[in-house]
Structures are given as C-alpha cells and as structure tokens.
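Written below as structure tokens is the structure these notes are about.
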Amino acid sequence: MKKIVFATSNPHKLEELQAICKDRCDVEFVLPPAGFDPVENGETFEENSLIKAQEAARISGLPALADDSGLCVDALDGAPGIHSARYAPTARERIDKLLKAMEGVKDRKAKFVCAMTLVNAQGDVLCKKIGECHGKIAFTQSGTHGFGYDPVFVVDGTNYTMAELSEEEKNKISHRALALEQIINSLNSDNSTY
Ligand code: ITT
C-alpha cells in the first residue's frame with residue numbers, strides 16, 4: 001500500500017479525506033511528523049497548497065498531499081479567501097465576523113475552494129487539482145455537522161447549509177471531494193508516476 005503524508009494540522013480535513021478515499025484507492029494517509037509548521041505566505045490557494053505539500057515531503061521524506069482551502073464571498077471581494085483560517089481567532093468569531101460583514105448585503109453568492117497538490121518525496125509536483133462548491137451566505141447559522149464556515153454556507157440547489165447535510169452528502173459535493181476525486185483518479189491511473 002502506498003504511504004502518503006497528508007500535509008495538514010486540521011483534523012476535520014483528515015476525517016473528510018479518509019471518508020472520501022475509503023475503498024477508493026490503495027493509499028495509507030499518515031499525518032506529518034512533529035515540527036510540521038509550513039509558512040503559508042503564498043498569494044493563492046494553489047501556492048499555499050504547494051508550500052504545505054513540499055514542506056511535508058521535506059520533513060518526512062515521503063510523498064505528500066496538501067489541501068489549501070477557504071471561503072470566497074463575492075460581495076467581500078473574495079474575502080476571507082486564503083485568510084479563511086485566520087479571519088478571526090475562533091471558529092465562532094469567524095462566523096460572527098462574516099455575518100456582520102454581510103449585514104444588509106443582498107448579493108450573498110460565495111464559493112468554497114480547495115486546491116490540492118500531490119508531490120513526490122523529492123517535492124516535485126505530480127498532480128494538482130482544484131475543487132469548487134458554490135452557494136450563498138445564510139443570514140443565520142444552522143446545522144451541526146462539518147466544521148468551519150459550514151453552518152452559514154447554503155449549498156446551491158438545496159435549502160440547506162453544508163452543516164445540515166450529512167457527512168456522506170457533504171463528501172459527495174464539497175470542494176474537497178471534487179478536488180480529491182481528481183487526485184484519486186490520477187493515483188489510480190496506470191501511468192501514475194508516483
Ligand atoms: P492546514 O493548513 O493545517 O491544512 P487550516 O485549517 O489552517 O489547516 P487552511 O489554511 O487551508 O487550513 O484554511 C482552511 C480554512 O477554510 C478552514 O480553517 C476553514 O475555516 C475554511 N474551510 C475550508 N474547508 C472548509 C469546509 O469544508 N467547511 C467549512 N470551512 C472550511
């Protein structure tokens with residue numbers, strides 16, 4: 001079985017990755033060794049994803065997969081975007097800040113974006129993919145599943161927030177699932193150079 005480091009410190013991402021990959025690819029995902037602390041100073045999701053993957057490969061000596069993701073809100077010029085994790089100190093405060101910024105705003109269009117990058121043990125890029133999930137910012141929060149901004153993100157084509165969907169439903173339509181789907185296809189392809 002292939003062993004790949006999943007370059008994250010976010011346990012929710014790992015949980016979703018494992019659920020999405022279950023029975024789909026012959027890979028054991030392991031967490032990065034202690035000391036994994038990449039400097040995410042890129043200007044795009046793609047750049048930060050590459051930084052995390054290369055740092056994980058460097059300190060582990062193994063191939064690595066990274067997920068850089070976030071919420072982009074049209075009316076806020078794409079914010080919080082790549083700063084989603086640092087928009088405010090706690091998850092609750094991040095949601096409060098977002099709802100406050102959206103008070104009185106009619107255009108509530110938003111999207112979740114996930115940039116995944118797979119590198120080999122030397123840090124060379126093997127595959128990079130983007131997944132997007134479109135929706136709208138709710139006026140209040142609802143739902144208890146998922147994490148982060150899920151309780152205020154109403155998924156297009158439904159009347160539900162991401163946090164009201166079951167894990168199984170989220171993992172079919174999320175930005176993370178859509179990016180990972182393509183990575184899995186690449187890992188499973190005959191000519192995978194990994
Ligand atoms: P790592 O960098 O260690 O992977 P992180 O949480 O800091 O963990 P990011 O820099 O990629 O990761 O920031 C992602 C943030 O975007 C995350 O903390 C959430 O606030 C938000 N986010 C990403 N995916 C999400 C999802 O599926 N549901 C809700 N919020 C999400």
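Each ligand, and each atom within it, is numbered from 1 in the order the structure gives.
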Please report which non-hydrogen protein atom sits nearest to atom 20 (O) of ligand 1, along with the residue it belongs to and the distance in Å to one decimal place.
Tyr149 CE1, 3.2 Å

State the atoms of ligand 1, each with its element, that fall below the 4.0 Å cut-off from a heavy-atom position in Asn10.
3 (O), 6 (O), 8 (O)

Identity and distance of the protein heavy atom lying nearest atom 10 (O) of ligand 1
Glu40 OE1, 3.3 Å

Going through the distances and angles, do Lys170 and Glu167 end up as a salt bridge (Lys or Arg N to Asp or Glu O under 4.0 Å)?
CA-CA 5 Å; Lys170 176 178 178 183; Glu167 280 167 35; over 6 Å; no

Under 4.0 Å to a heavy atom of Asp68 - the qualifying atoms of ligand 1, by number:
9 (P), 10 (O), 11 (O)

Report yes or no: is the cationic atom of Arg108 (NZ for Lys, CZ for Arg) under 6.0 Å from the centre of the six-membered ring of Phe139, at an angle within 45° of the ring normal?
yes

Would you say the side-chain atoms of Ser49 and Glu46 include a donor-acceptor pair closer than 3.5 Å?
no

Find all atoms of ligand 1 within a distance of less than 4.0 Å from any non-hydrogen atom belonging to Thr8, and give their numbers and elements.
1 (P), 3 (O), 4 (O), 8 (O)

Between Leu178 and Ile130, is there a side-chain heavy-atom distance shorter than 4.5 Å?
no

Report yes if some N/O of Arg94 lies less than 3.5 Å from some N/O of ligand 1; otherwise report no.
no

In ligand 1, which numbered atoms sit nearer than 4.0 Å to a non-hydrogen atom of Ser84?
15 (C), 16 (O), 20 (O)

N-O pairing of Glu169 and Lys172 below 4.0 Å
no

Measuring from atom 13 (O) of ligand 1, which candidate in Ala115, Ser69, Gly81, Gly70 has the nearest non-hydrogen atom?
Ser69

With no hydrogens and no angle check, do the side chains of Asn10 and Thr8 hold a donor and an acceptor under 3.5 Å apart?
no

Could Lys13 and Phe6 be counted as a cation-pi pair, given that NZ or CZ must be under 6.0 Å from the ring centre and within 45° of the axis?
no

Check this for me: Phe147, atom CZ, are more than 12 non-hydrogen atoms of other residues, nucleotides or ligands nearer than 6.0 Å?
yes

Atom 3 (O) of ligand 1: closest protein heavy atom, distance to 0.1 Å, is Ser9 N, 2.8 Å

Judged on heavy-atom distance to atom 25 (C) of ligand 1, which of Phe153, Phe6, Phe45, Phe147 sits nearest?
Phe147

For atom 24 (N) of ligand 1, the closest protein heavy atom turns out to be Arg176 NH2, 2.9 Å

Taking every heavy atom of Glu164 against every heavy atom of Asn159, the minimum-distance pair comes out as OE1-O, 4.2 Å

Would a 4.5 Å heavy-atom cut-off, applied to side chains only, mark Tyr149 and Tyr87 as touching?
yes

If you scan protein heavy atoms around atom 28 (N) of ligand 1, the nearest is Asp150 OD1, 2.6 Å

Within ligand 1, which atoms have a heavy atom of Lys52 less than 4.0 Å away?
1 (P), 2 (O), 4 (O), 9 (P), 10 (O), 11 (O), 12 (O)

Option of least heavy-atom distance to atom 26 (C) of ligand 1 (set: Arg86, Met162, Lys170):
Lys170

Taking only non-hydrogen atoms of Leu71, do any sit less than 4.0 angstrom from ligand 1?
no

Got a salt bridge between Glu28 and Lys2, using NZ or NE/NH1/NH2 to carboxylate O under 4.0 Å?
no

For atom 12 (O) of ligand 1, grab the closest protein heavy atom and report residue, atom and distance to one decimal in Å.
Lys13 NZ, 2.8 Å

Run the numbers for me: atoms of ligand 1, each under 4.0 Å from some heavy atom of Gly148, listed by number.
29 (C), 30 (N)

Which residue holds the protein heavy atom closest to atom 7 (O) of ligand 1, what is that atom called, and what is the gap in Å?
Ala85 CB, 3.6 Å

